[in-house]
Amino acid sequence: MASLQFWKPGTAGPGSNLDRATETEENIVPSAPTSSSLSLQAARERLPIFKHRQKLLYAVENHGVVILVGQTGSGKTTQLPQYLYEAGWAAEGNRIACTQPRRVAATSVANRVAAEVGTILGDEVGYTIRFEDVSDKERTRILYMTDGMLFRETLVDPLLSKYSVIMIDEAHERSIYTDLLLGVLKKIRRKRPSLRLVVSSATLDATAFLEYFTAGNSPDEATIVSLEGRAYPVEIAYLQEPVPDYVQKAAEVVWGIHMQQTPGDILVFLSGRDEIERCLELLAELLPTLPRNAKRLVLLALHAGLTTEEQLRVFEPAEKGSRKVIVSTNIAEASVTIEGIKFVVDSGFVKIRTYNPTNAMSSLTTTPISQASATQRAGRAGRTAPGVCYRLYTQRAYEALQPTTPPEITRTDLTTPILQLKSLGIDDLMKFEWVSSPPAESVLRALEGLVHAGMIGEDGRLTVVGEKVAECPVEVNIARMLFASKDYKCGEEILTIAAMTAIQDVFVIPEGAAGALAELERRKFTAEEGDHLTLLNGTVPSHQPFYTSLTTQCLAYNAFTRYGRSSSWCKAHALSFRAMSRAVSIRSQLKKYMQRFGLPLDSCEGDAKRLRKCLVTGYWRNVARWMADGTYRAVLHVHPHSVLFTRKPRSGWVIFHEMEETKKTQIRILTEIEPDWLLEHGHKYYDKHSGASVASQ
DNA sequence: GAGCACTGC
């Protein structure tokens, strides 16, 4: 490969008059010097945000909402809460909160700030995430938390009265909880004007947030403060012509960089596991052609399906005389930061989940990224030194991209969010001030489902059960089963099933020969009745597994707890230790809710029929009928992970946990049922003769 | 007979 066949804007090639200067100016700032060379205070003062300190405090003092524009590394997340603390905003028992979309961010930032403040974590500075509250009710002044946790707190403290200032960090990511929080906070500000908000955002979204908060309020309500930082420039290169196969092109570009360029690791963005593996294979084929004196090239994959150990390998520095190339999904765009990357290769694609409210179907499709996403990916090349980003698309294609990714709230099932808003007393959803309105059909679909599930009455208000379910951190259909377990006397088992369906990727199936072995391990766990019981099998308190054969996921749970919750046991049985440990946490959390709601923890004592009937109370809308061609009515395909993948259910009928469209329309986690059981639930919605369910119409 | 991007409570 003689040349990379790229042109670089501003140097040569067509259209070199690059007017998007921002693209080359990722405002990435070197990390602060360590306290060994400088005092802590001096290090803090060197951060770019420091010279804006007075301006920021003035803005918070005089405006209800401050939109803070500043890139990663400006120090906003660690410093602003401290400035506010030092300025007295946490006096008289008040707290300063800072929300993050991800758990790791909340914990790691809290750690750093506790060290800077000179306190033990959990004392003056703490964090709160699901299953972990490292904070002190009385003493904590600065609290980092996930946005989901703060939203949940509004259910018990609707005015968030403990907080004087709330900073919503990474608001431009527009996670569903960020959007819900912003809507609720705007409302709270009207009732409690002393509360101050700081909304931290990327440049592109700042005016939209400003308009949102000033709409219906005085123009003084909100203001924008921008922190410009020192930047390591990232040079952008585009393809001159589009390519038919970006995976192959990615491999070629990586190889070209390796042969020609100066030192520095390479990060490649592709859409999924399949593409990553193909790209790595292509590169592996080229390795033998490396000249003897050339640097070695270390090939690494990064995606969420890997074990923790495998993920950690990408952080190990490359050995002397070698270069790392990390081929990754979108996980490396915001969730995972790898230092030392100098070259980014961006395919321009991402897999995104969307929801179609008319058939309640979600799908996972490979789609072009947004310009904001492209900027973020490019920025990953310039965290510690100037870098280069190779975009595997033309500049014209870049210009045609959407400016930002549609917020999650516009492409997701709203059943749970709407139940929670209702629980906050927001009954008129049309009057709720959404930052971005969700599609009307999504709202209607969710309301309809909630009415039929008995969570909302004819008057549009929550029922008694609805109030309880709103508090419970599970999907509505699962909550319904938890409540029904009282009648079917199977609370113990339903609780496990609820926990196990809440986690993904219980089984780790590697590529190649190891994958085939893992597959055999998985079959040891199969329960004839289907996946839900398979999920359960392992934990059955009785002497023998009562479900005819062992199962995949369930065996998983019961056996996992029986064999001492060990990671080596998981490894031997192709299970994810991470996922299983999480299931244990979720189960104990849900158990507390069941106790609070007075739901007994009976065991069904091996009566699988009772258990399956209980499952129908939650899943009656998710019904499918087996057809002779091996598909289910409405042409649903069984996910290959299901134990019913190769087996016809005797009754011909199943219920399923979820349905998703990838290459085919697939249903996951199934259990065989008798069709008559359906008649007790929502018979209005189900036509016995056609076998069509609401979900598949 | 074949496969799921990433979060969060």
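Below, chain A is the first sequence line, B the second, and so on; all start at residue 1. Note that this is a predicted model, so its numbers are computed, not measured.
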Rounded to whole angstrom units, what separation is found between the CG atom of A:L364 and the P atom of B:dT7? 13 Å
Applying side chain to side chain contact (heavy atoms under 4.5 Å, CB included), name anything that partners A:A484, two or more places apart in sequence or on another chain. A:Y488, A:C614, A:T617
Quickly work out the A:I503 CD1 to B:dC9 P distance and round it to whole Å. 15 Å
Going by the rule side chain to side chain contact (heavy atoms under 4.5 Å, CB included), which residues pair with A:E467 if we only count those two or more places apart in sequence or in a different chain? A:S423, A:L462
May I ask you to check whether A:R353 and A:T365 show a side-chain donor-acceptor distance below 3.5 Å? no
Under 30°, 30 to 60°, or over 60°: which ring-plane class applies to A:Y246 and A:F349, parallel, tilted or perpendicular? parallel
Who are the side chain to side chain contact (heavy atoms under 4.5 Å, CB included) partners of A:T404, not counting sequence neighbours? A:L204, A:D205, A:A372
On DNA chain B, more 5' by nearest nucleotide between A:V474 and A:V350 is A:V350
Between B:dG8 (C1') and A:L590 (CG): distance, integer Å: 14 Å
Using the test side chain to side chain contact (heavy atoms under 4.5 Å, CB included), find all partners of A:A171 that sit at least two apart in sequence or belong to another chain. A:I168, A:T178, A:V199, A:F209
Out of B:dT7, B:dA5, B:dC9, which has the shortest distance to the side chain of A:R353? B:dA5
OP1 or OP2 of B:dA5 sitting under 4.0 Å from any side-chain N/O of A:T366? no
Would you list the pairs meeting salt bridge (charged side-chain N to carboxylate O under 4.0 Å, His left out) in which at least one residue belongs to residues 415-426 of chain A, sequence neighbours left out? A:K422-A:D427
In whole Å, what is the span from the CD1 atom of A:I409 to the P atom of B:dG8? 18 Å
Students often get this wrong, so: under 4.0 angstrom with heavy atoms, is A:I176 touching a base, only sugar-phosphate, or nothing? nothing
Residues in contact with DNA chain B, drawn from residues 97-107 of chain A - heavy-atom cutoff 4.0 Å: A:P101, A:R102, A:R103
In this structure, how many angstroms lie between the P atom of B:dG8 and the CG atom of A:L419, rounded? 22 Å
Residue whose nearest DNA chain B nucleotide is more 5′ - A:I352 or A:Q589: A:I352
Could you tell me the separation between the CZ atom of A:R273 and the C1' atom of B:dA2, rounded to a whole number of Å? 12 Å
Does B:dC9 have OP1 or OP2 under 4.0 Å away from a side-chain N or O of A:T146? yes
Without decimals, in angstroms, what is the distance between A:L424 CG and B:dC9 P? 17 Å
Find the distance A:R596:CZ to B:dC9:C1' and express it as a whole number of Å. 13 Å
Choosing from B:dA5, B:dC6, B:dG8, which nucleotide comes nearest the side chain of A:K351? B:dA5
